[in-house]
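Worksheet for the structure shown next.
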Amino acid sequence: MTTQDAQLQAPPAQQQAWPVRVEGLTVAYQAKPVLRSVSFHVQAGQVLGIIGPNGAGKSTLLKCLLGLVRPDMGVIELFGRPADQVRPRVAYVPQTEAVDWDFPVTVFDVVLMGRMAHLAWWQRPSRADRHAAAEALERVGMQDFSRRHIRQLSGGQQRRVFLARALCQGADLLLLDEPLTGVDAATEETLFALIAQMAREGRTLVIVNHDLSVLDRFDALLLLNQRVVAFGPTSQVATQENLRATYGGRLALLDQADELLRRQRIDADA
């Protein structure tokens, strides 16, 4: 699918229903472009993977969706409204490297923070809030770790805790930044099972990802290298041509992608 095909617009009434709509997003740092006229949309209950090399603008794009970076040009709408008007409906799962693991907080406290989006600054979490946190921990299989310090957990367990925080928040849109980094195969399966379950419940997930071996786990892909190289259903976008255009011939990654595409063809023919 070409960039032009991917950016064909739906009627305004449908645009209002999209959890994410980005049009002509352009961002520059000190006059150096980071994102160039990026446009895409995400449907409710969809899992979108954002794929691209280092420096492609993936994290900047997430920060724009969170309202942390103001674009130089373009439009961002979440659920048909500006991001700052729907913050309680949006949850962020950061990279583990972005978290201060020395902060003295338990697993339960981290999950309970999800309720803060619904409380005034002077309010304390209620019994109902604490019950919601306990339920969220149970859903991700971390209820037995609730009293542990967050830094005592493995990387995969920490990611499950942050997913529980998003569940506790009741967010309809989840933005995940490299959630699979450093996890083993079993943890990867657990995380994708949780992601698929959230999507079935109608939540929308936007996931920055670097692992080309899991492209088939996403409903749609945004191939990004400062501009949109391709956007659309995974089956149409995850081609060798598009991936090479995205990564500019970085052979180690592309060989991995080629092997994945080869295995998928074999499975389809079997």
Side-chain angles (χ1 to χ4, degrees), residues 19-20 44-45 47 59 62-63 65-68 78-79 83-84 86-184 186-209 217:
V20 178
V47 182
S59 293
L62 281 194
K63 291 176 182 177
L65 295 178
L66 289 164
L68 301 177
L78 306 182
F79 306 102
D84 59 358
V86 292
R87 292 195 187 283
R89 299 183 67 182
V90 182
Y92 175 55
V93 178
Q95 296 186 41
T96 55
E97 293 81 2
V99 178
D100 181 6
W101 299 115
D102 291 326
F103 190 77
V105 65
T106 67
V107 166
F108 186 84
D109 291 334
V110 170
V111 178
L112 188 60
M113 288 176 187
R115 301 304 305 162
M116 299 305 177
H118 303 279
L119 302 176
W121 66 268
W122 46 268
Q123 288 181 303
R124 300 184 64 180
S126 66
R127 180 178 297 179
D129 293 323
R130 300 181 71 84
H131 180 69
E135 281 191 332
L137 276 171
E138 186 172 359
R139 284 196 59 183
V140 303
M142 292 296 294
Q143 65 273 20
D144 294 338
F145 298 82
S146 62
R147 295 186 179 181
R148 290 197 185 184
H149 191 289
I150 188 70
R151 70 181 175 189
Q152 294 177 310
L153 304 183
S154 69
Q157 290 171 333
Q158 290 166 350
R159 288 171 176 82
R160 279 197 273 170
V161 169
F162 279 104
L163 284 174
R165 184 180 68 174
L167 287 170
C168 186
Q169 181 178 327
D172 299 308
L173 171 63
L174 282 74
L175 308 177
L176 289 73
D177 195 358
E178 300 280 10
L180 304 178
T181 301
V183 303
D184 58 26
T187 300
E188 180 181 292
E189 286 297 323
T190 299
L191 291 174
F192 272 119
L194 289 169
I195 288 167
Q197 182 180 11
M198 292 178 186
R200 287 194 297 269
E201 294 168 353
R203 293 181 172 88
T204 303
L205 297 99
V206 175
I207 303 175
V208 168
N209 173 64
R217 302 280 195 155

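We're numbering straight along the sequence, starting at 1.
- A donor-acceptor contact shorter than 3.5 Å links the side chain of Gln169 to the backbone of Pro88.
- Put simply, the side chain of Val206 does not reach to within 4.5 Å of the side chain of Leu174, judged on heavy atoms.
- Under a 3.5 Å cut-off, the side chain of Arg217 and the backbone N or O of Ala196 do not form any donor-acceptor pair.
- Contact of the Arg159 side chain with the Thr181 side chain is registered, since non-hydrogen atoms from C-beta on lie closer than 4.5 Å.
- Two residues are said to be in side-chain contact when any heavy atoms from C-beta on lie closer than 4.5 Å; Met113 and Val105 meet this criterion.
- Taking 4.5 Å as the limit, every side-chain heavy atom of Asp172 sits out of range of all side-chain heavy atoms of Val90.
- Note that NZ of Lys63 and CG of Asp177 are 8.5 Å apart. Values are rounded to the nearest 0.5 Å.
- Shown here for Ala166 and Ala91, the closest heavy-atom pair between the two residues is CB-CB, 3.6 Å.
- Here the closest heavy-atom approach between residue Thr204 and residue Pro19 is recorded as OG1-CG, 3.3 Å.
- The heavy-atom pair separating Ala171 from Arg203 by the smallest distance is O-NE, 3.1 Å.
- Between the side chain of Arg160 and the main chain of Val140, a donor-acceptor pair closer than 3.5 Å is present.
- Proximity of Arg115 to Pro125: side-chain heavy atoms (C-beta onward) are nowhere separated by under 4.5 Å.
- Asp129 contributes atom CG, which lies 8.5 Å from atom NE2 of His118 (distance to the nearest 0.5 angstrom).
- When side chains are defined from C-beta on, Phe162 does not count as touching Leu176, because their heavy atoms never get closer than 4.5 Å.
- Rounded to the nearest 0.5 angstrom, Leu62 CG and Glu178 CD are separated by 9.5 Å.
- Summarising the geometry, atom CD belonging to Glu189 is positioned 9.5 Å from atom CG belonging to Leu191; distances are rounded to the nearest 0.5 Å.
- With hydrogens and angles ignored, the 3.5 Å screen pairs no side-chain donor or acceptor of Thr106 with any backbone N or O of His149.
- A donor-acceptor contact shorter than 3.5 Å links the side chain of Thr190 to the backbone of Ala186.
- Not one N or O on the side chain of Glu138 forms a donor-acceptor pair closer than 3.5 Å with the backbone of Gln143.
- By the side chain to side chain contact (heavy atoms under 4.5 Å, CB included) test, Ala136 is found to be paired with Val111, Ala164, Leu167, Cys168, residues two or more places apart in sequence or in another chain being considered.
- When side chains are defined from C-beta on, Leu175 counts as touching Leu173, because their heavy atoms get closer than 4.5 Å.
- In this structure, CG in Leu66 is found 8.5 Å from CG in Leu78, a value given to the nearest 0.5 Å.
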What verdict does the side-chain contact (heavy atoms from CB on, under 4.5 Å) test give for Phe192 and Leu180, after you've listed the backbone C-alpha separation in whole Å, the side-chain angles of each residue and the deciding distance to 0.1 Å? CA-CA 9 Å; Phe192 272 119; Leu180 304 178; 3.5 Å; yes
Please step through side-chain contact (heavy atoms from CB on, under 4.5 Å) for the pair Gln152 and Gln157, ending with a clear verdict. CA-CA 9 Å; Gln152 294 177 310; Gln157 290 171 333; over 6 Å; no
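- Proximity of Ile195 to Val47: side-chain heavy atoms (C-beta onward) are separated by under 4.5 Å at one or more points.
- For the pair Arg147 and Phe108, the NZ or CZ position fails the cation-pi test of under 6.0 Å to the six-membered ring centre and within 45 degrees of the ring normal.
- Around NE2 of His131, the count of heavy atoms belonging to other residues, nucleotides or ligands within 6.0 Å does not exceed 12.
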